[in-house]
Number of protein chains: 2
Amino acid sequence: MSKGNYLGEFEQVVLLATARLADEAYGMSIRREIEEATGRKSSIGAIYATLDRLEAKTFLESRMGEATPKRGGRPKRYFRLSPAGTRALLASRRTMDRLWDGLELEPE
Amino acid sequence: MSKGNYLGEFEQVVLLATARLADEAYGMSIRREIEEATGRKSSIGAIYATLDRLEAKTFLESRMGEATPKRGGRPKRYFRLSPAGTRALLASRRTMDRLWDGLELEPE
DNA sequence: CTTGATTTATTCTTTTTTGTAGAATATTGT
DNA sequence: ACAATATTCTACAAAAAAGAATAAATCAAG
C-alpha cells in the first residue's frame with residue numbers, strides 16, 4: 001500500500017493537458033499540447049509511461065478509437081480524467097496554493 | 001547538463017517551505033512547516049535527502065548555525081533559497097498556471 | 001488484388017532521478 | 001550519564017525520461 005498519494009510533477013502536467021484536450025486527448029496530442037501550452041518538450045515514452053501509471057491509479061480512463069478512421073496510422077487510444085483524477089489535481093493545486101500564499105519571492 | 005531541469009513535486013514543496021521560513025529554515029522546521037501549511041506529513045529522511053539534492057543542484061545553500069546555542073541538541077543547518085532556486089520555483093509555477101489557465105474542471 | 005511505402009500512434013526496454021522511511025549517530029545542555 | 005534536538009546514513013520504491021521497436025491503417029503501384 002504505502003503512501004505515494006500525491007501526484008508527481010509530470011503527472012500533474014499530463015493530467016492537465018488531458019483535461020484541456022477534452023475528447024481529443026491521446027498520447028501524441030497530449031505531448032503536443034504540453035509543448036504548445038508550456039514550451040516543454042517530452043519524449044513519447046515518458047508520456048505513455050505516465051499515462052499508464054495514471055490509469056493504473058484510476059486517475060484516468062482510456063478507450064480505443066474507432067476501427068476505421070479515414071486516415072493512415074494506428075488507431076488512437078483516448079484518455080479522459082476520472083472523478084478521482086479531477087480530485088487529485090485539485091488537491092495538488094490546493095497544496096501549492098497554500099504554500100505560495102503570503103509568500104513573496106524576491107528575485108535577488 | 002542533460003535533462004532533469006524541472007523541479008519534482010516534493011522538491012517544490014520543500015523549496016516553498018524553506019522560503020516561507022526565511023532565516024528560520026532548517027530540516028526539522030521545514031518538516032513542521034510543511035505539515036502545518038498543508039497537513040502533509042513527511043519523514044525526516046525524505047526532507048534531508050531532498051534538501052541535499054536541491055543544494056547539489058544549487059537551488060539552495062546551507063550554513064551551520066552558531067556553535068553554542070542556548071538549548072540542548074545538535075547545531076542546526078540553515079537553508080536558504082539561491083537566486084536559481086527562486087527562478088526554478090517561479091518557472092514551475094508558471095508552467096502550472098499556463099496549464100490551468102482557461103481550464104474548468106467539473107467535478108462529476 | 002497484393003505488395004510495399006508512408007503515416008500515425010503506441011509499446012517496450014533501459015536508465016536516471018525523485019520520493020520515502022526509519023534507524024543510527026552526533027552535539028549540546030543539565 | 002541522560003535528555004533533547006537535529007542531522008546523517010542506508011536501503012528501496014516510485015516517477016521521469018529517452019528512443020528504438022513495433023503495430024495498424026491508407027495509398028499507390030504494377
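Every heavy atom of this structure was used, including side-chain atoms; hydrogens, water molecules and symmetry mates were not. A quick note: this is a predicted structure, and the numbers were derived from the prediction, not measured. Proteins come first, then strands; the chains are lettered A, B, ... in the order of their sequence lines, and each starts at number 1.
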Step by step, would you call B:S62 with B:E55 a side-chain hydrogen bond (donor to acceptor under 3.5 Å, both in side chains)? CA-CA 8 Å; B:S62 72; B:E55 181 169 40; 2.8 Å; yes
Of the nucleotides D:dA17, C:dT18, C:dA23, which one has an atom closest to the side chain of B:R53? C:dT18
Just to confirm, is there a sub-4.0 Å distance from OP1 or OP2 of D:dC27 to any side-chain nitrogen or oxygen of A:R71? no
In terms of heavy-atom contacts, A:L15 and A:G85 come closest through CD2-O, 4.4 Å
Polar-atom pairs under 3.5 Å, protein N or O versus N or O of nucleotides 4-7 of chain C: list them with distances, or write none.
{"from": "C:dT7", "atom 1": "O2", "to": "A:G73", "atom 2": "N", "distance (Å)": "3.1"}

My understanding is that only one of A:L54, A:T18, A:L51 makes a side-chain contact (heavy atoms from CB on, under 4.5 Å) with A:F59; could you say which? A:L54
Nucleic acid contacts - residues 10-43 of chain A versus DNA chain C, non-hydrogen atoms under 4.0 Å: A:Y26, A:G27, A:M28
Contact check, side chains of B:L81 and B:E61, non-hydrogen atoms, under 4.5 Å: no
When you check the phosphate oxygens OP1 and OP2 of C:dT17, does a side-chain N or O of B:K57 lie under 4.0 Å from one of them? no
Nearest to the B:K76 side chain among D:dA24, D:dA6, D:dT8, which nucleotide is it? D:dA6
Rounded interatomic separation in angstrom, taking CG from B:L51 and P from D:dA6: 14 Å
Quick one: which of D:dA17, D:dA15, C:dG19 gets closest to the side chain of B:E9? C:dG19
Indicate yes or no for a side-chain donor-acceptor contact from B:S82 to the backbone of B:T58 under 3.5 Å, with no hydrogens or angles considered. yes
Donor-acceptor contact present, side-chain B:R20 to main-chain A:D101, <3.5 Å: yes
Base, sugar-phosphate, or nothing for A:G45, non-hydrogen atoms under 4.0 angstrom? base
